[in-house]
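No experiment lies behind these values; they were computed from the predicted model shown. Chain identifiers are assigned alphabetically (A, B, ...) following the order of the sequence lines, protein sequences preceding nucleic acid strands; residue numbering begins at 1 within each chain.
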Amino acid sequence: MAAQKRLFLLDAYALIFRGYYAFIKNPRINSKGFDTSAILGFTNSLLDVIKRERPDHLAVCFDRGGSVDRVEVFPEYKANRQETPEPITLAIPYIESILKAMKIPVIVKEGYEADDIIGTLSKKAEKEGYQTFMVTPDKDFAQLVSENIFMYRPKFGGGYETWGITEVQEKFGVERPEQVIDFLGMMGDSVDNIPGLPGVGEKTAKKFLAAYGSMEGLLAHTHELKGKMKEKVEANGELGMLSKQLATIMLDVPVEFNEEDFEMCDPDLEAVTEIFNELEFRRLLDNLTKTFAKSDENSAEANTKTTSKANQKASTTGQFDLFATPGGGNATEATNISGYQTIKTTDHFYQLANTPLSRKMLLQKLLKQQSVCFDTETTGLKALEVELVGIAFSWEKGKGYYVAFPEDQSETTAILEEFRPFFESTTIEKVGQNLKYDIKVLSNYDMPVKGQLFDTMIAHYLINPDMRHNMDVLSETYLNYQPVSIVELIGKKGKNQLSMRQVPLEQQTEYAVEDADITYQLKEHFIKELESGHLTKLFSDVEVPLVSVLSAMEIEGINLDPDFLGELSKALAVDIDRLEKDIYEQAGEEFNIGSPKQLGPILFDKLKLVDKPKKTKTGQYSTAEDVLSYLAKDHQIVADILEWRQYRKLQSTYVDALPNEINPKTNRIHTVYAQAVAATGRLSSNNPNLQNIPIRTERGRQVRKAFVPRDENYVLLAADYSQIELRIIAALSKEDTMMQAFKDGADIHASTASRVFNVPLEEVTREQRSNAKTVNFGIIYGVSAFGLSNQTDLTRSESKELIDTYYETYPKLKAYMSNQVAFARENGYVETVLGRRRYLKDINSRNAIVRGAAERNAVNAPIQGSAADIIKLAMINIYNRFEEEGFKSKMLLQVHDELVFDAHKDELEIIKPIIKEEMENAFKMEVPLDVEIGVGQNWLEAH
DNA sequence: AATTCGGCTTA
DNA sequence: GTAAGCCGAATTG
C-alpha cells in the first residue's frame, strides 16, 4: 500500500519554552557561560521527531509580532505572560541558524501567531491528502484535530502522545474537537490571559458542554441555571463570547501549502557541525549523524510506531555463570522516550555475589585491579546511624558485582571482613560518588578506606561549582544515560517508603551496580575535564584529601551539655512569656506574634506606627528587623517584639533543637559538611548547622557554653584566622599601604579610618573606625553607596563620598576589582589562588541588575574562595600532623575561618604551635596570615 | 505531606 | 552588596 504522506508542523516557541524550562533546575551552561538549555531542548525535540517518525514533510513555525487581530479585540491578550527570559531571546538566532543548516523550512508571517499558521497549513494539507501532526505541548490545538489532523504532544518525563479525535473527546469531555474552543472560552486560560466565565473551571465547563454543546447554547439557556451561577453567567455573556473568540485558532492566514517546500532533505552536516561545536553539543552531533545515516535504509512507513527494541537481557543472579563472559548481547541503538539510554536499552552484566565462594572469587578479581568504583547501599540517610545492606563494585563499563548483607549485624561484620584486603589496600584507587558517605558507613563496622580516592561528585563540583552534582543529572548530562530512579525502587519519601532492605535482591543488584558502573564511567569523563580546567592539582591535593579529613571530623563529633541548654530554655521561656503578655496588652488583642501576616496589620493598620509602611515582594507589610529596629526606640511594643523574636529564634533553632541531634550511640553531635554545595569553595554544615551558632548577642552566645570538651581530660581550643579575607584582597591587589598595615600588625580598620578620614591614627574615633570597618567588609562583597548607607548612619551621598575616598586611598585595590570584572568578561570565569573556578554566565548580561550581581561575584568569589582554599590546606596539614603524631587531640569543627579542637590537656602546649604554624603557613602570600588561639572549658571561653 | 515565604543566625 | 542553613507560618497538592 502506498504510504500516506505525512506533514509535521512544529510550534517553535512553545517547544523552545518547554525545552528551556525542562532544564531550569540544571541549566545547560557551556564553557563560555552561555545558557544553551533552550537550544538544546528544542533541537532535541526536533531530532527526536525526525528519528521516531521519519517524516517526509516537515516545517517549523515561528511567531513574529504577535497576533494583531487578537490584541485589537482584547488588549490584555497574553498580557499575563512574563517577559521572555534572556537565555531564550539569545537562543533564537542559534535555533534559526541550526534550522537553516539542517535545511528545514521555517514559516513566519508577520502579525500572525504560530497557532494560526499551523492551523491554516494543517487544513490545507488535509485537502491535499496529507496526515498532519501538530508538534506542540499547547492544548489549544486540540480544537483542530480531525481524522487526518493530530496533535503530537511531548509528554513530561519524555516521549510523545498522539491525540486524535478519540483522545480529544476523552481529555476534554467533548463530542467534536471544535468544542474545545467553547471549553477554553468557558474555563479561560491564565497563560494566554483568556478571561473565561468567572466561577467556571474545568468541571463546570465540561458539565455545560455536555448539556448545551457550546457557548452560544449555554447563553441561550441561562434561565435553566440557578443561584449564583445563573447570575454570573448571565452577567458575563459578552465576556464569554469574547473569550471564545480569543481561544479560536484562525484558519485564514495568507500562507500557501506547496508540498515541495516542505520536503525533508539531508542537512548540511558541515554547517550543523560548526554550530554544534560552537555550542559544545557533542552528543547531539553524534545523534544527528546517526539519525540521518539511518534514514536511507529505513524509510518511514506511515503510522509505523518506532518502538524501542530494548534488549531486556535480565541480569544473571545464578551462581554458575558468575564469572562467565557476557553473552553476545546486542542492545539496539534505540533510545528510550526521553532520548536517554537506560538500563533497558543497554547491555549490562550485573551479578549478585551472596555466597562464600562467589565473594571469594569477587575479592580475587578486586585485588587485581588498579581502580575500582564502590557504592554502599544502606537502610537510610544518616551515615552514622544506618546499617549496611549491600556494596556494589564496578571497574569496567557495563559490568559489576553486588555483595548483599543480611540483617544480622554480626554476620554483616563477618562478610565485610572478607573484603578488608580490598578496602585497606593502598594501591587500589577507590572511586565513588560522595565517598564521605560510604567511608562513614564503613566506619560503623571499623572498616577503613585506604588508597587514592576519586570522588565524582567533588570532581564535578570543581568542574562547575554552580551546578548540582546528583549522580542522576551527571549521568544524563555526560553519559546520555538515565539511571534507575531510587523512587521507582523504594517510593517517594514520607508515608510508605521502603528501606533498601525490603527491595528484592535482583532489583538491589540492578540499581546498585548500575550506580557503581555509571560512577566509574563518569570518572573517565571528569579526569579529562579536570585536566582541561587545570583543576587536577586542586582536586588531588586539596579536595580529595579533605574527604578523609571531613569524614574523620564528622565521625568524631562534638560533646554537648544538654542539661545546660535545658536550663537556658527554661530561662528563655520565662522571658518569652513575659514579653508575650506585654505585647498583647500594648496591641490590645492576642495574635500570633510569629506570623508576619498577622503582625503587619497590627503594627501598621491598627497602631499606625508609620505612614507609608514598607511592603514585601508579596505585598505584605514588611516586619523585618531593619524595618522594626528604628521604630523600636519610639515604640516599646516594637522593642518587645524584636526581643521576643530573638529569644524565640534562639529557643527553636538552637536551645531546643540541638539536644535532639545528639547521637544516642556516641552521645555527641555529628554535623555533616557539604563539600560540593557552596559555589565559592566554602564548606557548609548541616544536620545540625554548626556554622551559625550565635555569638553576636549576649543572650545568644550563651548557646556556645553548651559545646564542651570530650571529658575532664580535654579542653576546647579555637583557632581563628584574623582578617583573612582582607589580607587576601590586600595581597592579590598588591595594595602597598594595606599590605604594610598587615605586615606591621596594625589595627586594619583603624588604619583605614586614619587614611580615609585623614586623621592621625591615635585620633580615630570609634565611629570612624566602625565606618571604615563597614567599608572594608563592603569591599569584599562589592560595595554600593546604597548598601553602605543602609549599614551605617551615613547618608547615600556621604556613603558615596566615603567609597570614593576609599578608592583614592587604595587605588590598586580599585584596579584589582576592575581587573577581576574584566577577566570574567573575557574568560567567563574567575579563579582563586589555587585555581578554583567560578563561572559567571551573567557577566555580559544586558540586564544591569543581573550583570551587577555577576560583577560583585567576580570580586567576591576569588576572595571568599581563596580563604576557603587556605583553610582547607591547613586542615589537611593539621590532620596529617595529628595522625603522624598519634595525638589524642582531635579537630572537630570548621567555621569558615576558624577551627575547633578537642585538645587533650597533656598535648595542649604541643598542638598549639602546630596548629598556629600550619594555619599561618598553609599558603604563602606577600601578606602574613595571623591566627589567634583560645582555650576554654567551652566554645565561648575558647574565644 | 511538601513547598514557599519571611525572618534570622553565622563567616 | 558575598556565602550558607533552619525555623514557623502559610500555601499548595
Contact class for [X] vs. all strands (heavy atom < 4.0 Å): base, sugar-phosphate, or nothing?
X: A:Ser595; answer: sugar-phosphate
X: A:Phe786; answer: sugar-phosphate
X: A:Arg838; answer: sugar-phosphate
X: A:Gln598; answer: sugar-phosphate

Interface residues of residues 800-815 of chain A with DNA chain B (non-hydrogen, below 4.0 angstrom):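 When residues 800-815 of chain A is checked for heavy atoms under 4.0 Å from DNA chain B, there are no hits whatsoever.
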Within residues 614-628 of chain A: residues closer than 4.0 Å to DNA chain B (heavy atoms):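 Of all residues in residues 614-628 of chain A, the ones placing a heavy atom under 4.0 Å from DNA chain B are A:Thr616, A:Lys617, A:Thr618, A:Ser622, A:Thr623, A:Ala624, A:Glu625.
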Under a 4.0 Å threshold between the charged nitrogen and the carboxylate oxygen, would [Y] count as salt-bridged to [X]?
X: A:Glu725; Y: A:Arg682; answer: yes
X: A:Arg645; Y: A:Glu625; answer: no
X: A:Asp575; Y: A:Arg699; answer: yes

Strand-adjacent residues in [range], judged by heavy atoms under 4.0 Å from DNA chain C:
range: residues 690-698 of chain A; answer: A:Asn692
range: residues 848-864 of chain A; answer: A:Arg856, A:Asn857, A:Asn860, A:Gln864
range: residues 644-655 of chain A; answer: A:Lys649, A:Ser652, A:Thr653

Answer yes or no: are there more than 12 heavy-atom neighbours, outside [X] itself, under 6.0 Å from its atom [atom1]?
X: A:Lys614; atom1: NZ; value: no
X: A:Gln598; atom1: CD; value: yes
X: A:Lys773; atom1: NZ; value: no

Can you check whether [X] reaches [Y] side chain to side chain, under 4.5 Å on heavy atoms?
X: A:Val703; Y: A:Leu658; value: yes
X: A:Ile915; Y: A:Leu899; value: no
X: A:Val610; Y: A:His635; value: no
X: A:Leu683; Y: A:Leu546; value: yes
X: A:Ile728; Y: A:Ile724; value: yes
X: A:Ile878; Y: A:Phe901; value: yes

Whole-Å distance between [N] [atom2] and [X] [atom1]?
X: A:Lys597; N: B:dT4; atom1: NZ; atom2: C1'; answer: 13 Å
X: A:Asp720; N: B:dA11; atom1: CG; atom2: P; answer: 9 Å
X: A:Gln894; N: B:dT10; atom1: CD; atom2: P; answer: 17 Å
X: A:Leu642; N: B:dG6; atom1: CG; atom2: P; answer: 18 Å
X: A:Phe777; N: B:dA11; atom1: CZ; atom2: C1'; answer: 9 Å
X: A:Asp897; N: B:dA11; atom1: CG; atom2: P; answer: 7 Å

Sequence neighbours excluded - salt bridge (charged side-chain N to carboxylate O under 4.0 Å, His left out) pairs with any residue from residues 799-821 of chain A: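 Of all non-adjacent pairs touching residues 799-821 of chain A, those that pass salt bridge (charged side-chain N to carboxylate O under 4.0 Å, His left out) are A:Asp736-A:Lys812, A:Lys800-A:Asp804.
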Test ring pair (Phe, Tyr, Trp, His ring centres under 6.0 Å) applied to A:His670 - qualifying residues, sequence neighbours left out: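 A:His670 satisfies ring pair (Phe, Tyr, Trp, His ring centres under 6.0 Å) with no residue once adjacent residues are dropped.
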Residues forming a ring pair (Phe, Tyr, Trp, His ring centres under 6.0 Å) with A:Phe604, sequence neighbours excluded: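 With sequence neighbours excluded, A:Phe604 shows a ring pair (Phe, Tyr, Trp, His ring centres under 6.0 Å) to A:Tyr621, given in chain and number order.
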Show me the side-chain donor-acceptor pairs of residues 867-874 of chain A shorter than 3.5 Å, one per line, residues at least two apart or across chains.
| from | atom 1 | to | atom 2 | distance (Å) |
| --- | --- | --- | --- | --- |
| A:Asp869 | OD1 | A:Arg836 | NE | 2.9 |
| A:Asp869 | OD1 | A:Arg836 | NH2 | 2.9 |
| A:Asp869 | OD2 | A:Thr832 | OG1 | 2.5 |
| A:Asp869 | OD2 | A:Leu834 | N | 3.3 |
| A:Lys872 | NZ | A:Glu543 | OE1 | 3.3 |
| A:Lys872 | NZ | A:Glu543 | OE2 | 2.8 |
| A:Lys872 | NZ | A:Gly681 | O | 2.8 |

Pairs involving residues 788-823 of chain A, ordered by first then second residue, that meet ring-ring contact (aromatic ring centres under 6.0 Å, His included) (sequence neighbours left out):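 Found A:Tyr806-A:Tyr810, A:Phe823-A:Tyr829.
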Please list, one pair per line, the donor and acceptor atoms closer than 3.5 Å that link side chains of residues 689-698 of chain A to other protein atoms, with sequence neighbours excluded.
| from | atom 1 | to | atom 2 | distance (Å) |
| --- | --- | --- | --- | --- |
| A:Asn689 | OD1 | A:Gln691 | N | 2.7 |
| A:Gln691 | OE1 | A:Ser685 | N | 3.2 |
| A:Gln691 | NE2 | A:Gln894 | O | 2.9 |
| A:Gln691 | NE2 | A:Gln894 | OE1 | 3.1 |
| A:Thr697 | OG1 | A:Gln646 | NE2 | 2.9 |
| A:Thr697 | OG1 | A:Gly700 | N | 3.0 |
| A:Glu698 | OE1 | A:Arg701 | NH1 | 2.8 |
| A:Glu698 | OE2 | A:Gln702 | NE2 | 2.8 |

First and last nucleotide of DNA chain C, 5' to 3', lying under 4.0 Å from heavy atoms of chain A: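 So the outermost contacting nucleotides come out as C:dG1 to C:dT11.
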Ring geometry between A:His749 and A:Phe777 (parallel below 30°, tilted from 30 to 60°, perpendicular above 60°):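 Tilted: the ring planes of A:Phe777 and A:His749 meet at 30° to 60°.
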